[in-house]
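Presented below is the structure to which this report refers.
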Amino acid sequence: MRLANYCAWRISSEGLGHMDIFAIFSDKIKNTLKEIYGEEILDNELLAKIAVEPPRSLAHGDISTNAAMVLSKNLRQNPREIATKITDYFKNDKNISSIEIVGPGFINFRLKNKIYHSLLSSILSLGENYGKVDMGQGERVNIEYVSTNPTGPIHVGHIRGAVFGDALASLMEFVGYDVVREYYVNDAGGQIDILAKSAFLRYRQALGEKIGEIEKGLYPGKYLVPIGQDLAVKFGDKLLTKPEKESLEIIKPIVLKAMLVLIKQDLAKLNIRHDIFFSEQSLHGKDGEIEKTLSWLREKGLVYQGKLEPPKGKLSDDWEDREQTLFRATKFGDDSDRALVKSDGSYTYFASDIAYHREKYLRGFNKQIVVLGADHSGYVKRLKAAVKAISDGKAELDVKICQLVRLLRDGKQVKMSKRSGELVSLAEIVDEVGPDAVRFIMLFRRNDAPLDFDFNLVKEMSRENPVFYVQYAYARSCSIFRTANRELPDLDLSIDALRRADISLLTIEEEIALIKLLSTWPRVLKAAAKTHEPHRIAFYLHELAAGFHGFWTRGKENPDLRFVNHNSLSVTLARMVLVRSVQQILGTGLRILGVSAPSELS
RNA sequence: GGCCCCGUAGCUCAGCUGGAUAGAGCAACGGACUUCUAAUCCGUAGGUCGUACGUUCGAAUCGUACCGGGGUCACCA
């Protein structure tokens, strides 16, 4: 029997609802192949190579597949022969207006408008759920991002990773993963002692002491001044009478807590919130996770005493050739084995990190994502090695590296001096340009490519600024509804009325082209989630905005093409369905990126 | 020297994990406003995808080797 089940149009391999016509078509083609050649010949590997996608050029139709070429070798048949057999099965499909076999064996399908009409009505009724594929099926994912040292406010170097991680988390959530957003607090190392000392100095200052220039090696930032004052209020001069070591132990947890408050405030400015702040300190101590992890690794024979080759190239001055406790990272793909214990006997950062990732694994996260800055790219291999080791290869870790951000003002690079401690802070940037612009710009580039952040451009409200370009499209869609209500007060524009609209009135090329653009949204979402690349969403939104603005301006040249059409209420209503759908997707996409969708721009 | 990322239009970047004639924006040039907010749109011009081999029906995409740019390189975090 032929594949004449047109109900299949509404069903895809991934369930009802998301209405991805490419996925639906893919299923149809693969089922057809099974019917023609039998399931035996078509293993999954082969099927996976079959692409069913929108062709680059409109001249090649609406949907294109390479199926015939992919199968040609296994079937020992000419691709065009195979293509002919496939197309025979689709000849009577009422949704297809033409099929061509071209070039080496591409099959190009052209679809009838009614498919797009049916898609549009699905989009309207699915609302926010359009494109929502259940890829994750509730699988738990742990996404760790920001994780800056709790020694001061967040500065420009961390913003990108913060925004990226947050948007990625929303994206994964959207496609059905159970996401936990986590921040690893490095509250255990020597930098915390320095922090405490720095705060102690500010405390003495608050008590009236002249502290002069801040000693090299301490944190000079002014953000510690209020902490010092708080300490003075709380303790008076009591901390001066104790041995300094004792006082520092008292100060440490207080200043640490204050720093986390500071960091959370900064993140909140960008609407970033974590579910868990995980303390590195909690892994230390007797019977702590680090010890447990190391003895677990020892049992597996993955820890040994040995010497490390000194690094090639220029030797660092303080290189000390000594035997040390090493983790057999090379066994899991790293270039070198890695030290677990420092020369002073305490654990290395890496040791606690192994324990941390094991702890995550034991909490049930087989899927982990860590977002790091470019300066940590050398750390990726050992991290992956660690996760492989502690999970017996069962957990999957993806490390996303965010490249550097270059700040530009008036075309010149903003210089930052780390020495003075006066780095450009997150707060300064967000206060100046607003959270939406910061977020969108950070996401409007692949994470592994360096990024220029141009203050002048980001604050500009023009087409050059992608943030406003997309937001304006959204605002414009709202504005059209306001106009329609004003000019045609008798027209019912409620959702129910839109659902009853006669969409088949949309037959103009521009209208169909816009619906075709809407039809790729599920693909974009899927690809973005699969590759952990939220920037794809940003680019899609930009493209959709362009298509929408384009159509809008056509109405300027030709009044018949205006959305609000006084000559025909039914055409107006049908076009309003289109406007509503564009609006919905823009809104959903912006929400995933964490950028607001204003209904009007003032 | 090892490892990781990047070399695509004059500039800034996309390119759906191997597809067809490689795409946007800026800048340049020529057009469209008694506005469904022109904060926008249309058109023209611009490229041996760093180089050379290799894998195959087919490479910007995968592999190898170079060239150029950035990051990183016991013990810090």
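Numbered from 1 within each chain, the chains take letters A, B, ... in sequence-line order.
- To the nearest angstrom, P of G2(B) lies 18 Å from CG of Leu308(A).
- In the set C6(B), C57(B), A38(B), the nucleotide with an atom closest to the side chain of Lys556(A) is A38(B).
- In this structure, Arg409(A) forms a cation-pi arrangement with Phe455(A), its terminal cationic atom sitting closer than 6.0 Å to the ring centre and no more than 45° off the ring axis.
- Residues Thr572(A) and Arg575(A) have side chains not in contact (no heavy-atom distance under 4.5 Å, counting atoms from C-beta outward).
- Distance from the side chain of Phe468(A) is smallest for A39(B) among the nucleotides C16(B), A39(B), U12(B).
- One N or O donor and one acceptor, one from the side chain of Arg523(A) and one from the base of C16(B), sit under 3.5 Å apart.
- Under a cutoff of 6.0 Å and an axis angle of 45°, Arg406(A) and Phe453(A) do not form a cation-pi pair.
- For the C1' atoms, the distance linking G15(B) with C75(B) amounts to 44 Å, nearest Å.
- Across all strands shown, Asn108(A) has heavy atoms under 4.0 Å from base atoms, whether or not it also approaches the sugar-phosphate.
- Comparing A9(B) with A52(B), their P atoms are spaced 16 Å from each other, to the whole Å.
- The side chain of Lys342(A) places an N or O atom within less than 4.0 Å of a non-bridging phosphate oxygen (OP1 or OP2) of A77(B).
- Using a 4.0 Å heavy-atom criterion, one finds that Arg536(A) contacts the sugar-phosphate atoms exclusively.
- Within 3.5 Å, a donor on the side chain of Asn66(A) pairs with an acceptor on the base of G19(B), or the reverse.
- C36(B) has Trp552(A) stacked on its base ring, the centres lying under 5.5 angstrom apart and the planes within 30 degrees of parallel.
- Of the candidates C41(B), A14(B), A39(B), the closest approach to any side-chain atom of Tyr469(A) belongs to C41(B).
- Look at CD1 on Ile194(A): it is 9 Å from C1' on C76(B), rounded to the nearest Å.
- OP1 or OP2 of C6(B) lies within a sub-4.0 Å distance of a side-chain N or O belonging to Arg446(A).
- For Gln191(A), the side-chain atoms get nearest to A77(B) when compared with the rest of A77(B), U40(B), C6(B).
- Among the heavy atoms of the strands lying under 4.0 Å from Glu600(A) is at least one base atom, whether or not backbone atoms are also near.
- With both ends at atom P, the span from U8(B) to G69(B) equals 14 Å, rounded to whole Å.
- Residue-level contact check: Ala475(A) touches the bases, meaning some heavy atom is under 4.0 Å from a base atom.
- Mapping Ala545(A) and Lys530(A) onto RNA chain B by nearest heavy atom places Lys530(A) at the nucleotide closer to the 5' end.
- Of the candidate nucleotides A77(B), C16(B), U17(B), U17(B) has the atom nearest to the side chain of Thr531(A).
- Ring geometry for Phe539(A) against Phe444(A) counts as parallel: the plane angle stays under 30°, on a 0 to 90° scale with 60° as the upper cut.
- Taking every side-chain heavy atom of Arg476(A) into account, U40(B) is the closest of C36(B), U40(B), G19(B).
- Heavy atoms of Asp448(A) sit under 4.0 angstrom from primed sugar atoms or phosphate atoms, though from no base atom.
- In this entry the distance linking CG of Leu443(A) with P of A14(B) reads 13 Å, nearest Å.
- For Glu45(A), the CD atom is loosely surrounded, since the number of other residues' heavy atoms within 6.0 Å does not exceed 12.
- As judged by a 4.0 angstrom heavy-atom cut-off over every strand, Glu309(A) is placed among residues making no nucleic acid contact.
- Closest-nucleotide positions on RNA chain B for Phe481(A) and Gly190(A) were compared, and the one nearer the 5' end corresponds to Phe481(A).
- Considering only side-chain atoms of His549(A), the nucleotide from C76(B), A74(B), U40(B) that sits closest is U40(B).
- If you measure from atom NZ of Lys307(A) to atom C1' of A74(B), you get 13 Å, rounded to the nearest angstrom.
- With both pairing distances under 3.5 Å, U21(B) is matched to nothing as a Watson-Crick or G-U wobble pair.
- A77(B) and U17(B) are spaced 34 Å apart, taking the C1' atom of each and rounding to whole Å.
- Checking Glu53(A) against Ser64(A) by side-chain atom types alone, no donor-acceptor pair falls below 3.5 Å.
- Results of the side chain to side chain contact (heavy atoms under 4.5 Å, CB included) test with Phe440(A) over Val458(A), Asn465(A), Leu590(A) single out Leu590(A) as the only residue that passes.
- One can place CD of Glu543(A) at 13 Å from P of C16(B), the figure rounded to the nearest angstrom.
- Within 4.0 Å (heavy atoms only), Ser336(A) reaches no atom of the nucleic acid at all.
- Salt bridge status for Arg338(A) with Asp334(A): present, with a side-chain N to carboxylate O gap under 4.0 Å.
- Across all strands shown, G30(B) forms a Watson-Crick or G-U wobble pair with C42(B), both key distances being under 3.5 Å.
- For CD of Gln413(A), the number of neighbouring non-hydrogen atoms (other residues, nucleotides, ligands) closer than 6.0 Å is greater than 12.
- Comparing atom distances between the Tyr379(A) side chain and each of G19(B), A39(B), A77(B) picks out A77(B) as nearest.
- In this entry U61(B) has no Watson-Crick or G-U wobble partner, no candidate having both defining distances under 3.5 Å.
- A distance of about 23 Å separates the C1' atoms of G25(B) and U61(B), rounded to the whole Å.
- Across all strands, Gly103(A) comes closer than 4.0 Å to no nucleic acid atom at all (heavy-atom distances).
- Summarising the local packing, NZ of Lys516(A) is surrounded by more than 12 heavy atoms from other residues, nucleotides or ligands at distances under 6.0 Å.
- Taking the side chain of Thr483(A) as heavy atoms from C-beta on, and the options C36(B), G19(B), G71(B), the nearest nucleotide is C36(B).
- At the heavy-atom level, Lys381(A) lies under 4.0 Å from the strands shown only through sugar-phosphate atoms.
- Rounding to whole angstrom units, CG of residue Leu514(A) and P of C41(B) are separated by 13 Å.
- At the heavy-atom level, His535(A) lies under 4.0 Å from the strands shown only through sugar-phosphate atoms.
- Nucleotide U64(B) carries an anti base; the chi torsion (O4'-C1'-N9-C4 or O4'-C1'-N1-C2) is more than 90° from 0.
- Using a 4.0 Å heavy-atom criterion, one finds that Arg338(A) contacts no nucleic acid atom at all.
- Comparing the same atom, C1', in C16(B) and in G1(B) gives a spacing of 39 Å after rounding to whole Å.
- C4(B) and A24(B) have their C1' atoms separated by 29 Å, with the value rounded to a whole Å.
- When the P atom is compared between G19(B) and C13(B), the two are found 24 Å apart, to the nearest whole Å.
- Within 4.0 Å (heavy atoms only), Pro450(A) reaches sugar-phosphate atoms of the nucleic acid but no base atom.
- Within 4.0 Å (heavy atoms only), Ile480(A) reaches at least one base atom of the nucleic acid.
- Nucleic acid contact class of Ser479(A) (heavy atoms, under 4.0 Å, all strands): base.
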